[in-house]
2 protein chains.
Amino acid sequence: MTPSTATRSRKTQIDRTATALFRARGYAATSMRELATALGLEAGSLYSHIKSKEEILHRVCFGLASDFFASFDQATADASVPVATQLRQAIEAHVRVLTRDGAVSAVFLHEWRHLSEPARTEFLALRDRYEAGFRNLIAQGVASGEMHTPDAAFAALTLLASLNWLPSWYRPDGNLGPDEIAHRLAEQLLQGLEGKK
Amino acid sequence: MTPSTATRSRKTQIDRTATALFRARGYAATSMRELATALGLEAGSLYSHIKSKEEILHRVCFGLASDFFASFDQATADASVPVATQLRQAIEAHVRVLTRDGAVSAVFLHEWRHLSEPARTEFLALRDRYEAGFRNLIAQGVASGEMHTPDAAFAALTLLASLNWLPSWYRPDGNLGPDEIAHRLAEQLLQGLEGKK
DNA sequence: CCTACCGATCGGTAGG
DNA sequence: CCTACCGATCGGTAGG
């Protein structure tokens, strides 16, 4: 039997509520009873919609991973654009995905290590592949003389680190919108604090 | 009674082993029985040396916090030095503390949220105060014309984010030593990818 | 530092 | 989606 619309939306609701709890308390410290209570039902009832606690974590982590890939591919699709511009677009795309749902992003960034094998290894492979995209962009920029750094891999790691800190302080109702944040991050990372504007 | 030398070193040993486990599996997912087994004793025996699981976490988080403060204060003690140089020294000092013990650093960065109140709030206040140090340095640099950024607070957050990603990939036996890493990070953050070397 | 144990809570299931 | 429950495990304690 295919799941009815009602069942599917209940599942989505479970994912969303669980994600918020995972973010606030951590995956391991969140109990299925807390989750059930937050949804207004009994613990056992959750299992008509999901198979396990980890299934939720799996969906969140791998779902956002594929969003990141789709977003990156779109930002860098046009090879005729200067590499520095492609990198700016990739940064902006990354920030947009990251700011779309703070709870999902936080769980993606910090709770993936509670995935059991082989999911954990698969997840890390995806993350590696994504980082390689940025690494290649920077390496191309260095080759074309648009950028300068002694180590593209090192630079890519540092760049993504700055971006991935965002979910820990970004507030959707704050002064800065995603686009303005993305722009400032790109400027700061490409120009540096001592560079001229 | 004051603790004997043997008791004190056993306590240190518990802290170290616990920290390694907290890093690998997360605080909530680490059981006192695992910890006891790793130390070759029974679970109940741990409590002759410590009062609670959280006490260990508390010691690790607040201990490293005070190391960071001491290190920062030393790096910025001489006000006659140019601000950009002070910032470089503060970055290098931060990296040195961060690379001294990878497990302690990882727990400090990611597990503090399992502290119960009021420790959790106190910890966040310390972190805020530390960030303010970098914020002020950048603001001074902007005022003196040595640095350029539209938002010193934003720049400080981004800078610390890049640095704090380090424990997730740094390997003590890798190609780059702490000093070389610190130097490259400082260069990249201050000069940017498009800046000239 | 151990043995023996406490009450509480965990993720998940059976049967309706 | 609920009731009732499973075995396992949790942090921590008493008493030696």
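Residue numbers begin at 1 in each chain, while the letters A, B, ... track the order of the sequences.
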Whole angstrom value for the distance that separates [atom2] of [N] from [atom1] of [X]:
| X | N | atom1 | atom2 | value |
| --- | --- | --- | --- | --- |
| B:Tyr47 | D:dG15 | OH | C1' | 17 Å |
| A:Ile14 | C:dG12 | CD1 | P | 13 Å |
| B:Ile50 | D:dG11 | CD1 | P | 10 Å |
| A:Leu46 | C:dC10 | CG | P | 13 Å |
| B:Leu57 | D:dG11 | CG | C1' | 15 Å |
| B:Lys51 | D:dT13 | NZ | C1' | 15 Å |
| B:His114 | D:dG11 | NE2 | P | 12 Å |
| A:Glu54 | C:dC10 | CD | P | 18 Å |

Check: Are B:His94 and B:Phe68 near enough that their ring centres are under 6.0 Å apart?
Finding: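 Centroid distance B:His94-B:Phe68: below 6.0 Å, so yes.
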Note to self: Please confirm whether the ring centroid of B:Phe108 lies under 6.0 Å from the ring centroid of B:Phe62.
What the structure shows: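 No, ring centres 6.0 Å or more apart.
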Looking only at heavy atoms, which two atoms of [X] and [Y] are closest? And how far apart?
| X | Y | value |
| --- | --- | --- |
| A:Arg25 | B:His114 | O-NE2, 3.5 Å |
| B:Ile181 | A:Phe154 | O-CZ, 3.9 Å |
| B:Ile91 | B:Ala182 | CG2-O, 4.2 Å |
| A:Arg10 | A:His49 | CG-CE1, 3.5 Å |
| B:Ala84 | B:Leu190 | O-CD1, 4.5 Å |

Item checked: No-hydrogen, no-angle side-chain donor-acceptor test under 3.5 Å, A:Glu34 and A:Thr30 ->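 No, no side-chain donor-acceptor contact under 3.5 Å.
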Item checked: Donor + acceptor pair across side chains of B:Glu54, B:Ser52 (<3.5 Å) ->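 Looking only at side-chain atoms, B:Ser52 and B:Glu54 do not form any donor-acceptor pair under 3.5 Å.
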Note to self: Tell me which residues in residues 22-34 of chain B lie within less than 4.0 Å of DNA chain D, going by non-hydrogen atoms.
What the structure shows: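 Close to the strand are B:Thr30, B:Ser31, B:Met32, B:Arg33.
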Next item on the list: State the CG-OG1 distance between A:Leu176 and A:Thr99, to the nearest 0.5 angstrom.
Entry: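 Rounded to the nearest 0.5 Å, the CG-OG1 separation comes to 11.5 Å.
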Could you list all N or O pairs between the protein and nucleotides 1-4 of chain D that sit under 3.5 Å apart?
{"unit_1": "D:dC1", "atom_1": "OP2", "unit_2": "A:Arg10", "atom_2": "NE", "d": "2.8"}
{"unit_1": "D:dC1", "atom_1": "OP2", "unit_2": "A:His49", "atom_2": "NE2", "d": "3.0"}
{"unit_1": "D:dC2", "atom_1": "OP2", "unit_2": "A:Glu42", "atom_2": "N", "d": "2.9"}
{"unit_1": "D:dC2", "atom_1": "OP2", "unit_2": "A:Ser45", "atom_2": "OG", "d": "2.6"}

Check: Would you call the rings of A:Phe22 and A:Tyr27 parallel, tilted or perpendicular, where under 30° means parallel and over 60° means perpendicular?
Finding: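 Taking A:Tyr27 first and then A:Phe22, their aromatic rings stand perpendicular (interplane angle over 60°).
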Notebook entry, point to check: Where are the stems of DNA chain C, defined as at least 3 consecutive Watson-Crick or wobble G-U pairs with both distances under 3.5 Å?
Noted result: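 Stems found: C:1-16 with D:1-16.
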